[in-house]
Amino acid sequence: MKEQIIEIISKAAELDKSMVADLLEIPPKADMGDFAFPCFQLAKTLRKAPPLIAADIAEKIGDVDILEKSEVKGAYINFFIKKEMFVRSMLDTADVKDFGSSDMGKGKTICIDYSSPNVAKNFHVGHLRTTIIGNSLYKIYTKLGYKVERINHLGDWGTQFGKLIVAYKKWGRQEDVERDGVAELMRLYVKFHEEADKDDSLNDEARHWFNEMENGNQEALDIWQWFVDISLKEYKGTYALLGMEFDHYMGESFYRDKTADVVTRLDNAGLLKESQGAKIVDLEEYNMAPCLIMKKDGSTIYATRDLAAVLYRKDRWNFEKCLYVTGQEQKLHFAQVFKVIELLGNDWAKDSLVHIPYGLVSLEGAKLSTRSGNIIYAEDILKEAIEKVKEIIVTKNPDLENKDEVSRKVGVGAIIFNDLYNQRIKDVSFKWDKVLNFDGETGPYVQYTYCRCASILRNASYDENAEIDCGQILDEPAISLLKDINRYPQIVRDAAEKYEPSVVARFSMDVAQSFSRFYNADKVLVEDETIRNARLKLVALTAKTLKDSLSLLGIDCPEQM
Ligand code: ARG
């Protein structure tokens, strides 16, 4: 349909098809038609007011057989496709394998730096957000044909490991660390700070041990590597629950032999300044605090390793974009890093490096953060969700097979959906009743809608090749469901452009709700075979669209729940 509309406009307006394709929109509301062509951009070359241009083009188009009508509204021409034609073309997409996909990203690479927990610290709910958002962006960009590198930039290097080595050597026991993992490492870390408040020489010892790490001392590196392995094992447990993976675990330590080169480059470019014994890049001209590159004891910091990481990634993958999904509190950090990269003569930094911030998580009103003392592990929340779903299933559907696997999909799906349903910059509030409400605007509701579709198709032994009569499903609920589904390809592109998975989450909810309206209004399993088959095809298309859009969020659909 879209191709035909493009063809019609490009003929009438004497415009390039690709230009028409770029401009053509799908209106946000059904009463504005199926497609809309905005004429603002043509005003410059045609030296005419956009509404006049729209009227001209509409007149040239005249009557066309696939159109019910076209209407000029301000600078737009709105196209209303004949319902039957629209239904036919939409139902055909039920058999298209990659509905919503595109090859716009062909040959291009996107790096996504996300999750990235800090070794020896708990994987908290903030890390859960970056993991969920980053994973969804990975799915969305992959659907658009991009090659995506999923990078876990673990916080596995820095002065804190000097402290931890001191604490372990003084107060730690191997068996405790092996038994309690990250929790024990956190206890040792807290103990270090308590003791260092009383005895400052501990801080010197810690600096010494981090220097030893940076200088390659084997004893220091062995202990450190052990801390990394223990932590990573726990994080991987969380990823397994989520069903998520990475292409690269390249933490900060990966760049430890690459920071010297950054310092040299900055120096050669005349960007490095001394300030109280430390080395910095002055960013006053850009209204930013200076970017610290090297402390006065010669050790590098978080920012130095991020600078090395940008250069390394650009060199290795020649990315079109590199996205960083972290909390808002790192806004300045990334602004500084991106600016310094640009000042090194890399103009691409301006468009290619993107910080993607997100809001905080609160649990029943109370803030979840390690600083407030109540330590919350993401893994515990996921497990609790799975547990709670299992309880519901056991009472409501005791005969269901694979209860554990279904509970995992639904419990985790509920958490993911709750996270992605609102714009990422908004804070996420977390209330169990709300997250797990099977009738609310939740993941389980959308999954349940999918299961209903799947069960209808199973019971009717749906045959995708059966004869259908599109003229038979022209009633409002069916058409409006089809119109919702029709938006999918554009939804995926919008979500990518705005780095906003919520666009997809909202869409899946719209489709689920539209489906309910259709299902309540129209009986699917009617006597008349061609009507039944047409409606079944619509059910199949809905199922497929729900499943695919949820998969872009990182949510699996069970077939029954
Ligand atoms: N480890 C950091 C944290 O937990 C996030 C790292 C983000 N990525 C980066 N390249 N700096 O806050």
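Indexing begins at 1, ligand by ligand and atom by atom, following the structure's order.
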>> Among Y114, F338, F319, which residue satisfies the ring pair (Phe, Tyr, Trp, His ring centres under 6.0 Å) criterion with Y324?
In response: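 With Y324 as partner, ring pair (Phe, Tyr, Trp, His ring centres under 6.0 Å) holds for just one option, F338.
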> Is it the case that more than 12 heavy atoms not belonging to Y189 sit under 6.0 Å from its OH atom?
Replying inline: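 Yes, because the 6.0 Å sphere around OH of Y189 holds more than 12 heavy atoms from other groups.
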>> Within the supplied structure, the quantity of interest is the number of heavy atoms (other residues, nucleotides, ligands) at a distance under 6.0 Å from E284 CD; does it exceed 12?
In response: no
>> Among N318, D113, T109, which residue satisfies the side-chain hydrogen bond (donor to acceptor under 3.5 Å, both in side chains) criterion with R313?
In response: D113
> Is K339 positioned over the aromatic face of Y286, cation under 6.0 angstrom from the ring centre and no more than 45 degrees off axis?
Replying inline: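 Cation-pi check for K339 and Y286: passes.
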> Hey, does the Lys NZ or Arg CZ of K321 hover above the aromatic six-ring of Y141, less than 6.0 Å from the centre and inside 45° of the axis?
Replying inline: no
> Near ligand 1, which residues have a heavy atom under 4.0 Å away from one of its atoms?
Replying inline: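 Near ligand 1, by chain and number: D113, S116, N118, H127, H153, Y302, D306, Y324, T326, Q330, F334.
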